[in-house]
Amino acid sequence: MRKPMIAGNWKLHKTLTETKELAARLADELADIDTIDIVIAPVFTSLTTAAEAIKGSAVKLAAQNCYPEETGAFTGEVSPSLLKDAGCEYVIIGHSERRQLLDETDLFINRKLLKTLDAGLQPIFCIGETLQERESDQMLEVLTEQVKGGLANLTAEQMENVVIAYEPVWAIGTGKTATDEQAQEAHSFIRGLLQGLFSQEVALATRILYGGSVKPNNVDGLMAMDDIDGALVGGASLKAEDFIRLVRFQKP
Ligand code: PGA
């Protein structure tokens, strides 16, 4: 009932030429897929180039960030409606790199989620604990805070357009994936939080992606878990063969 999603977060990688090449290849080689949402998130400057390359295909476009205002004196920022204008359907919000490197707070992330939904885009809302938080038994508390803070003032109806990505910070870009069971445990906890905050219906309908060193050799096990509905992928989304293999994950 929850459509799986495989999303590639390209981070700060790829020139215009490389974007065009990879996006066009994915569009071509994944043309037969309609049971999985396939998403790529290139850098801002490549969005329109990517949009052109994937036009009419199964691959959809996401931005990696946005600013929670429509227009105005906000030098260097980009609004959700301009991202939509550039061809995006999704926006990654609250990625741990932005939380850590740019001090993004739950409050700021919540403002972005609300503006993104207002603009008719779907947020891919990222949460996840650090190694220190996990080892000091604060993981559940941290996830609770991030979920409550990020989703404050959202309605059950708006939740239909929200995708959550659980990305333990210690697993991002490190090659250390959470085990299938560790990921499942966190996902099930997050689903429980959604039930408490909204309803059982919302909890059951919301897609929760896993992120953190998802690779061709571990995707099948992760995707076999009950509460894992897809993956948000960094490193392995930069190579066509790897990303294609992730989209073509094998069901048990
Ligand atoms: P990774 O990145 O797959 O390279 O660990 C995941 C992410 O940051 O979304």
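Computed from a prediction, not measured in an experiment: that's the story for all the values here. Just follow the structure's listing: the first ligand is 1, and inside any ligand the first atom is 1. Numbering starts at 1 and runs along the sequence shown.
Close approach to H95 involves these atoms of ligand 1, each under 4.0 Å from a residue heavy atom: 7 (C), 8 (O), 9 (O). Taking every heavy atom of K11 and a limit of under 4.0 angstrom, the matching atoms of ligand 1 come to 2 (O), 7 (C), 8 (O). Counting the atoms of ligand 1 from 1 in the order shown, those under 4.0 Å from a heavy atom of G234 are 1 (P), 2 (O), 3 (O), 4 (O), 6 (C). Listed by number with element, the atoms of ligand 1 under 4.0 angstrom from any heavy atom of S213 are 1 (P), 3 (O), 5 (O).
In terms of polar-atom proximity, defined here as any N/O pair under 3.5 Å, G212 makes no such contact with ligand 1. Considering backbone and side-chain atoms together, G173 places an N or O closer than 3.5 Å to an N or O of ligand 1. Some N or O of E167 is nearer than 3.5 Å to an N or O of ligand 1, by distance alone.
Look at G211 and you'll find every heavy atom at least 4.0 Å from all atoms of ligand 1. Residue contact check for ligand 1: K215 places no non-hydrogen atom closer than 4.0 Å to it.
A distance of 13.0 Å separates OG1 in T49 from CD in E21, rounded to the nearest 0.5 Å. Within the model, atoms OG1 of T177 and CG of N217 stand 7.0 Å from one another, a figure rounded to the nearest 0.5 Å. Distance CZ/F108 to CD1/I93: 10.0 Å, rounded to 0.5 Å. The CE atom of M5 sits 3.5 Å away from the OH atom of Y90 when rounded to the nearest 0.5 Å.
When heavy-atom distances to ligand 1 are checked against a 4.0 Å cut-off, A171 comes that close only through its backbone atoms N, CA, C and O. Under 4.0 angstrom from ligand 1, the non-hydrogen atoms of N9 all belong to its side chain.
Within the 3.5 Å criterion, the main-chain N or O of G128 finds no donor-acceptor partner in the side chain of E167. A donor-acceptor pair is defined here as one N or O able to donate and one able to accept, closer than 3.5 Å; such a pair exists between the side chain of Q184 and the backbone of D227.
L143 and A186 make their closest contact through CD1-CB, 4.5 Å (heavy atoms, listed as atom of the first residue, atom of the second, distance).
Looking at heavy atoms from C-beta onward, R248 lies in side-chain contact with D32 at the 4.5 angstrom threshold.
Counting protein heavy atoms only, atom 4 (O) of ligand 1 is closest to G235 N, 2.8 Å.
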